[in-house]
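Just passing along the structure, written as structure tokens.
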Amino acid sequence: EELSCVNGTAPADTDGTITIGKNDNWVCTFTNTRKQGSIELKKSWTGGDPGQTTLKIGTSAGGGSIANQQTGPNGTGTQSTGTKTVDTGAYYVSEDGGLANFDSSLACKKNGQDYTPGANGQGGGRLSEKKVCTYTNDRHRGTIEVKKQWVGPGSGGQTTLKIGTSAGGSQVDSQQTGANGGAPLTTDAESVVTGTYYVSESGGLDDFDSSLACKKNGQDYTPG
């Protein structure tokens, strides 16, 4: 709040007192400047294969009137709305799109200290307050394991079990089984981010017919 007074072209005394004389015409004005703080929304991807989403700061839940920033593709490029100066009041942070394969959590700091936002990402701006919030998206994960079983006369053969992101690939795992049907007979369970994977085996199968059986969460499952 600031007080400004003039009598014609003569200002008031510095202590704000006004001495009125004959024919004086004083005009006084109170100027009130809205208190402001700042707010920033950031993005962090964890767990592999980052995505792309839109960061929002608004005056209503899910709104983007203050900031509406799409992050860079595959977790690259812009990952923040930047610092936005705002009047005191209630604001909401949110993110939108590209999160089907991710769990989301929101953490905020106010002037460098941990701060818990309200419902729907609500937080108020106050004089000289600096709020920085970060959405962390953790990629959904599962497991996949390929096992080997030899059936028929003899002690079995030897082959290589593969798990890949392409047909016949071994980007996730490649495990040669033991000689003459011996251990190891599994890739072991491999933790993988959600998506499409391929299982295969190669080598040492000339004298064998092959069949594949799968279970998902303990239930029979037909692969593609």
Side-chain angles (χ1 to χ4, degrees), residues 41-56 62 69-81 93-108 114 121 133-224:
L41 182 58
K42 296 181 177 180
K43 163 59 58 187
S44 176
W45 303 96
T46 65
D49 289 345
Q52 184 176 28
T53 189
T54 298
L55 303 176
K56 295 182 178 181
Q69 177 64 59
Q70 187 178 45
T71 63
N74 302 316
T76 62
T78 301
Q79 300 293 317
S80 169
T81 61
V93 298
S94 60
E95 56 182 354
D96 182 38
L99 303 173
N101 292 320
F102 295 86
D103 291 321
S104 184
S105 62
L106 177 64
C108 295
D114 290 341
C133 293
T134 302
Y135 273 112
T136 298
N137 296 113
D138 190 17
R139 183 66 185 257
H140 294 165
R141 303 186 74 90
T143 63
I144 186 169
E145 179 180 7
V146 181
K147 296 181 177 181
K148 166 54 61 182
Q149 181 179 11
W150 300 100
V151 178
S155 56
Q158 185 175 28
T159 189
T160 299
L161 305 176
K162 297 179 181 180
I163 304 172
T165 54
S166 60
S170 57
Q171 295 88 347
V172 176
D173 199 359
S174 177
Q175 176 64 59
Q176 187 178 46
T177 64
N180 301 317
L185 294 172
T186 176
T187 61
D188 292 326
E190 300 291 338
S191 178
V192 293
V193 298
T194 54
T196 300
Y197 296 89
Y198 299 79
V199 299
S200 61
E201 57 181 355
S202 66
L205 302 172
D206 290 345
D207 295 328
F208 295 87
D209 291 322
S210 184
S211 63
L212 177 64
C214 295
K215 288 185 179 292
K216 180 174 73 173
N217 298 329
Q219 302 298 313
D220 291 340
Y221 170 78
T222 302

Hey, could you give me the CD1/SG distance between Ile144 and Cys214, rounded to the nearest 0.5 Å? 7.5 Å

Drop me the distance from Gln176's CD to Glu201's CD, to the nearest 0.5 angstrom. 12.5 Å

Smallest heavy-atom separation, Asp49 atom then Phe102 atom, equals O-CZ, 3.3 Å

Distance, nearest 0.5 Å, that separates CG of Asp138 from OG1 of Thr46: 3.5 Å

For a quick test of reading the model, state the closest non-hydrogen atom pair linking Gly168 to Ser200 and the distance between them.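 Looks like CA-OG, 3.6 Å.
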
Could you pull out the closest heavy-atom pair between Gly47 and Arg141, with the gap in Å?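 Where Gly47 meets Arg141 most closely, the heavy atoms are O-NH1, 2.9 Å.
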
Are the side chain of Tyr135 and the backbone of Leu55 linked by a donor-acceptor contact shorter than 3.5 Å?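 Between the backbone of Leu55 and the side chain of Tyr135 there is no qualifying donor-acceptor contact (under 3.5 Å).
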
Heavy-atom check, side chain of His140 versus side chain of Asp103, under 4.5 Å: yes

Just by distance, no angles: are the side chains of Asp96 and Thr54 close enough, under 3.5 Å, to form a donor-acceptor pair?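 Looking only at side-chain atoms, Thr54 and Asp96 do not form any donor-acceptor pair under 3.5 Å.
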
Kindly determine whether Asn101 and Arg139 satisfy side-chain contact (heavy atoms from CB on, under 4.5 Å), including the steps that lead there. CA-CA 6 Å; Asn101 292 320; Arg139 183 66 185 257; 3.3 Å; yes

With a 4.5 Å cut-off on side-chain heavy atoms, are Val199 and Pro223 touching? no

Ser210 side chain near Phe208 side chain, heavy-atom distance below 4.5 Å: no

Less than 4.5 Å apart, any side-chain heavy atom of Tyr198 and any of Thr165? no

Looking at Thr143 and Ala189, what are the two nearest heavy atoms and their distance?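 That closest heavy-atom pairing would be CB-CB, 4.4 Å.
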
Which heavy atom of Gln175 sits nearest to which heavy atom of Pro184, and what is that distance?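 It is NE2-CG, 3.2 Å.
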
For the pair Thr53 (side chain) and Gly97 (backbone), establish whether a donor and an acceptor sit closer than 3.5 Å, ignoring hydrogens and angles. yes

What do the steps show when you test Gln149 against Val151 for side-chain contact (heavy atoms from CB on, under 4.5 Å), and what is the final call? CA-CA 7 Å; Gln149 181 179 11; Val151 178; 4.2 Å; yes

Taking all non-hydrogen atoms of both residues, which atom of Thr134 and which atom of Ser44 are closest, and how far apart?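 Scanning both residues, the minimum pair turns out to be CG2-CB, 4.1 Å.
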
If I take atom NZ from residue Lys56 and atom OG1 from residue Thr81, how far apart are they, to the nearest 0.5 angstrom? 13.5 Å

Gap separating the CG atom of Leu205 from the CD atom of Gln158, nearest 0.5 angstrom: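 Taking CG in Leu205 and CD in Gln158, the distance rounds to 11.0 Å.
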
Please check if any side-chain donor atom of Gln69 sits under 3.5 Å from a side-chain acceptor atom of Thr78, or the reverse.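 The criterion, which ignores hydrogens and geometry beyond distance, is not satisfied for Thr78 and Gln69.
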
Distance from Asp188 atom CG to Asp173 atom CG, nearest 0.5 Å? 8.0 Å

Would you mind listing every salt bridge (Lys or Arg N to Asp or Glu O under 4.0 Å) that reaches into residues 210-224, with sequence neighbours excluded? Lys215-Asp220

